[in-house]
Enquirer: 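Quick one: structure below, then a few questions.
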2 protein chains.
Amino acid sequence: MTQDRMNKKQASILEAARDLIAENGFHASPAAQIAEKAGVGVGTMYRYFENKDALVYEVHKEIEFRLHSQVFQDDDSLPVRERFIRIYTRLFNYLIQHPNDYKFLEQFYNSPYGIKKRREEPLGNTKYDLLKKLFVYAKSQQIIKDIHEDILFGLCFGPISFLLKDHLRGFFDLNEDSIQMIVEALWDAIKR
Amino acid sequence: MTQDRMNKKQASILEAARDLIAENGFHASPAAQIAEKAGVGVGTMYRYFENKDALVYEVHKEIEFRLHSQVFQDDDSLPVRERFIRIYTRLFNYLIQHPNDYKFLEQFYNSPYGIKKRREEPLGNTKYDLLKKLFVYAKSQQIIKDIHEDILFGLCFGPISFLLKDHLRGFFDLNEDSIQMIVEALWDAIKR
DNA sequence: CGGGTCGGAATGAACATTCATTCCGAAAAC
DNA sequence: GTTTTCGGAATGAATGTTCATTCCGACCCG
């Protein structure tokens, strides 16, 4: 699944698709343009991916894989607040440093693609399991507010998503200090 | 600008466009379908709106007008916390009760339409002026954290936007109690 | 050579937009 | 009061464009 195991061509198609879709959205990313950017013929693209949908889902899978391996780690010997701050800071930084991964995901989850995906995947969404478990634990210890985990997640991820968008559009700039202040504010929102 | 001043036909086109775009997105809302839903001929639509873009901008203007008149009011004799909670609760409730307005706005601001719009409109975006001013005042009084207003806004509106999406997709349910808890958590995030 | 891989022209479906025509109500003519 | 005329409003079939997908000849490696 990772690029190591993949054909060069396949990888470059995935990358081109991600970048084009991140910048222009699904509608403004014609197959011909993706192929061109990837440096392959249109027909070739269809040798590697059954159709455009399959390609889109594959891009998504790749990004989730990277997120999972680079962001979602936890060390449960630390205090909860510390664990929270580390994970969210890492997530925030990853997305800032990989804007096209973020932009793609944003498009994906706000399109029929992502909605379908989320409906199919049972609640125990592996990727967010870690975050959910941390919330459940912290609630049981009375460290954070007694609110449904999904809502807690929204309280924390909502601002990240929103602010990232404006940052990437150049409406303002997120530096290291702002990131720390923001993540701490997120903690203040959920802590008891 | 309000529907009173408008032609019945124009209003029904705007409404049809909003609903279709809210549900299916811009790309999956062909002119023919909008016209059909509005109960007019396609050609008629083009009598009222120069092209699809103009129609989209007009829908946006209508929604902003409603938001402005029904949500963005303030009473500066109240304590800041109260003012904050009231405005955000009203905003949250309005969007829950007018899901298609919300869904349209979401699509709009995450598309080239909205990005263009925001770039053109100078910072003093009239609609959010009220919120921005409240933040500036509260900061000057040391009531809330000393963070740039745009970031404060993201901290507060991010969760609303995120949670609303999941609520409307039926992933969970936002009742009056959750709304109150959420808005209070938003306050905790920004208060000193 | 022959099996597999490429590329990009060709195809057909879906779409936004246009425009020649129809429709309708109100005014003019009688 | 009735018929005729008229002009703007409404219509949807026709047009041109853009796309996803297919197809087939060329190419490469064994």
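Reminder, nothing fancy here: chain letters follow the sequence lines and each chain counts from 1. Note that the coordinates shown come from a computational prediction; the quantities given were computed from them, not determined experimentally.
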Enquirer: Reckon B:Tyr48 touches a base, only the sugar-phosphate, or nothing at all at heavy-atom distances under 4.0 Å?
Expert: sugar-phosphate

Enquirer: Can the ring centres of A:Tyr113 and A:Phe26 be said to be less than 6.0 Å apart?
Expert: yes

Enquirer: What nucleotide, of D:dT21, C:dG7, C:dT17, holds the atom closest to the side chain of A:Val40?
Expert: C:dG7

Enquirer: Return the value, rounded to whole Å, for the distance between atom NZ of A:Lys52 and atom C1' of C:dA14.
Expert: 14 Å

Enquirer: Quick one: on DNA chain D, does A:His27 or A:Glu50 contact a more 5' nucleotide (nearest heavy atom)?
Expert: A:His27

Enquirer: Atom CD1 of A:Ile21 to atom P of D:dC19: distance rounded to whole Å?
Expert: 14 Å

Enquirer: Roughly how many Å is it from CE in B:Met45 to P in D:dA9, rounded to a whole number?
Expert: 18 Å

Enquirer: Select one nucleotide: of D:dA20, C:dT18, D:dT21, the one nearest the side-chain heavy atoms of A:Pro30.
Expert: D:dA20

Enquirer: Measuring from the side chain of B:Lys9 (C-beta onward, heavy atoms only), which nucleotide among D:dA10, C:dC6, D:dT21 has the closest atom?
Expert: D:dA10

Enquirer: Taking the six-membered ring for Trp, are the ring centroids of A:Tyr88 and A:Phe84 within less than 6.0 Å of each other?
Expert: yes

Enquirer: Would the A:His98 and A:Phe104 ring centres measure less than 6.0 Å apart?
Expert: no

Enquirer: Would you confirm whether the ring centroid of A:Phe162 sits within less than 6.0 angstrom of the ring centroid of B:Phe162?
Expert: no

Enquirer: Round to the nearest Å and state the distance from A:Ile13 atom CD1 to C:dG7 atom P.
Expert: 9 Å

Enquirer: Consider the side chain of B:Thr44, meaning its heavy atoms from C-beta on, and name the nucleotide among C:dG7, C:dG8, D:dT11 that approaches it most closely.
Expert: D:dT11

Enquirer: Whole angstrom is fine here: how far is it from CZ in B:Phe49 over to P in C:dT17?
Expert: 13 Å

Enquirer: Write down the distance between CZ (A:Phe26) and P (D:dA20), rounded to a whole number of angstrom.
Expert: 12 Å

Enquirer: Considering only D:dG12, D:dT21, D:dA9, which nucleotide approaches the side chain of B:Arg47 most closely?
Expert: D:dA9

Enquirer: Just checking A:Glu36: does its CD atom have more than 12 heavy atoms from other residues, nucleotides or ligands closer to it than 6.0 angstrom?
Expert: no

Enquirer: In whole Å, what is the span from the CG atom of A:Asn24 to the P atom of D:dC19?
Expert: 11 Å

Enquirer: Between C:dA16 atom C1' and B:Tyr46 atom OH, what is the distance in whole Å?
Expert: 5 Å

